[in-house]
Amino acid sequence: MEEKEILSSITETLIDKPAYTVTVQIKEPKTLPKRSLVDKLLRRPVAVQELERSFVINPCVVGNMYRIAGRAVRLPDTILNGSMSESMIPVINDHLADVVYIVAAGIQNSKREPDAELIEFINDNFEAEDLYNTLLPILENLGMQSFLNSIALAKGTVKILQPNASPLDGRESIASHTQDWEVR
């Protein structure tokens, strides 16, 4: 990134420029109680039943970055690659709690843990497509593409450095280099 792009993204984070908005249909709207006579006499406003809820995802604050990154490490490397059916459906089965936590933390975007009510709302009302469409902007706000690429690189490096030899079969032993040498 150039210096101007970095300064621009810092400014957008400081002024809380919205990055993404997601609107979710509420599956089971709560029934509203009937207005009482007192409410009618005092002309209190009529409560409107909530049928959908919108969430604005802002650039992530630093304290929340660490929280989300700690959970994102548990996700597979392929989550940002490919389509929803290729990457998200298998992840939902294996890592649903982590995905819901990351989405809740990204929506709340504060230094505190995500509210239990928000996590419950996500579990009750978000579909797989909603989770996918919300997770991607949250991870992109963090620069998680680079982060996940570095995890994939680190995992590959571990595999390269880990030999396939075992001391039990004699292919790797402490003094294996002395066995091939001839005494002159």
Side-chain angles (χ1 to χ4, degrees), residues 5-76 79-80 82-145 147-148:
E5 292 175 6
I6 294 171
L7 292 174
S8 173
S9 64
I10 290 171
T11 305
E12 290 174 359
T13 301
L14 291 175
I15 61 172
D16 282 339
K17 180 180 177 185
Y20 184 73
T21 303
V22 62
T23 302
V24 178
Q25 301 294 326
I26 296 178
K27 306 292 186 238
E28 295 179 17
K30 295 180 181 176
T31 57
L32 298 175
K34 290 188 176 184
R35 292 180 63 194
S36 67
L37 181 61
V38 174
D39 290 336
K40 291 177 184 177
L41 290 174
L42 295 176
R43 296 184 180 218
R44 292 184 180 154
V46 178
V48 179
Q49 191 173 25
E50 185 180 31
L51 300 176
E52 64 182 19
R53 190 177 294 181
S54 294
F55 298 102
V56 177
I57 300 170
N58 294 312
C60 196
V61 296
V62 176
N64 204 26
M65 283 182 183
Y66 292 120
R67 177 178 295 110
I68 292 174
R71 286 290 181 108
V73 171
R74 300 177 188 177
L75 300 177
I79 191 149
L80 294 179
S83 67
M84 186 183 104
S85 61
E86 293 172 355
S87 63
M88 196 61 183
I89 301 301
V91 171
I92 287 177
N93 291 332
D94 299 333
H95 303 282
L96 179 63
D98 292 326
V99 171
V100 168
Y101 182 88
I102 291 170
V103 168
I107 289 172
Q108 184 171 312
N109 197 21
S110 68
K111 63 181 181 179
R112 298 174 314 216
E113 289 290 322
D115 292 334
E117 291 177 4
L118 179 58
I119 292 174
E120 182 181 346
F121 180 84
I122 291 171
N123 279 324
D124 293 343
N125 296 296
F126 273 54
E127 295 175 355
E129 185 177 353
D130 296 329
L131 280 173
Y132 181 75
N133 290 335
T134 309
L135 182 67
L136 289 182
I138 289 170
L139 295 180
E140 287 173 6
N141 278 344
L142 297 173
M144 291 302 288
Q145 181 63 45
F147 180 71
L148 291 175

Evaluation steps, side-chain contact (heavy atoms from CB on, under 4.5 Å), between Asn133 and Tyr20: CA-CA 10 Å; Asn133 290 335; Tyr20 184 73; 3.6 Å; yes

Where [X] and [Y] come nearest, the two heavy atoms and their spacing:
X: Pro137; Y: Thr134; value: CD-O, 3.2 Å
X: Thr23; Y: Ser54; value: OG1-OG, 2.9 Å
X: Gly106; Y: Ile138; value: CA-CD1, 3.7 Å
X: Pro29; Y: Leu51; value: CG-CD2, 3.9 Å
X: Ala105; Y: Asn64; value: O-ND2, 2.7 Å

Using 0.5 Å steps for rounding, measure from the CG atom of Leu37 to the CG atom of Leu42.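 Atom-to-atom, Leu37:CG and Leu42:CG are 9.5 Å apart.
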
Which distance, rounded to the nearest 0.5 Å, do you find between the CG of Asn58 and the OG1 of Thr21?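 Between Asn58 CG and Thr21 OG1, I get 8.5 Å after rounding to 0.5 Å.
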
With heavy-atom distances below 4.5 Å as the criterion, would you say the side chains of Lys27 and Asn125 are in contact?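 The answer is yes; the side chains approach within 4.5 Å.
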
Tell me every residue that passes ring pair (Phe, Tyr, Trp, His ring centres under 6.0 Å) with Phe121, counting only those two or more places apart in sequence or in another chain.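 Listed in chain order: Phe55.
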
Ignoring hydrogens and geometry, is there a side-chain-to-backbone donor-acceptor pair from Asn109 to Pro59 under 3.5 Å?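 Yes, because the side chain of Asn109 sits within donor-acceptor range (under 3.5 Å) of the backbone of Pro59.
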
May I have all residue pairs that pass salt bridge (charged side-chain N to carboxylate O under 4.0 Å, His left out) and include part of residues 104-124, sequence neighbours excluded?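 Found Arg67-Glu113.
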
With Val103 as reference, evaluate Ile68, Ile57, Ile122 under the side-chain contact (heavy atoms from CB on, under 4.5 Å) test and give the passing residue.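 By the side-chain contact (heavy atoms from CB on, under 4.5 Å) criterion, Val103 pairs with just one of Ile68, Ile57, Ile122: Ile122.
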
Name of the residue among Glu127, Arg53, Glu52 meeting side-chain hydrogen bond (donor to acceptor under 3.5 Å, both in side chains) with Gln25: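 Among the candidates, only Glu52 passes.
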
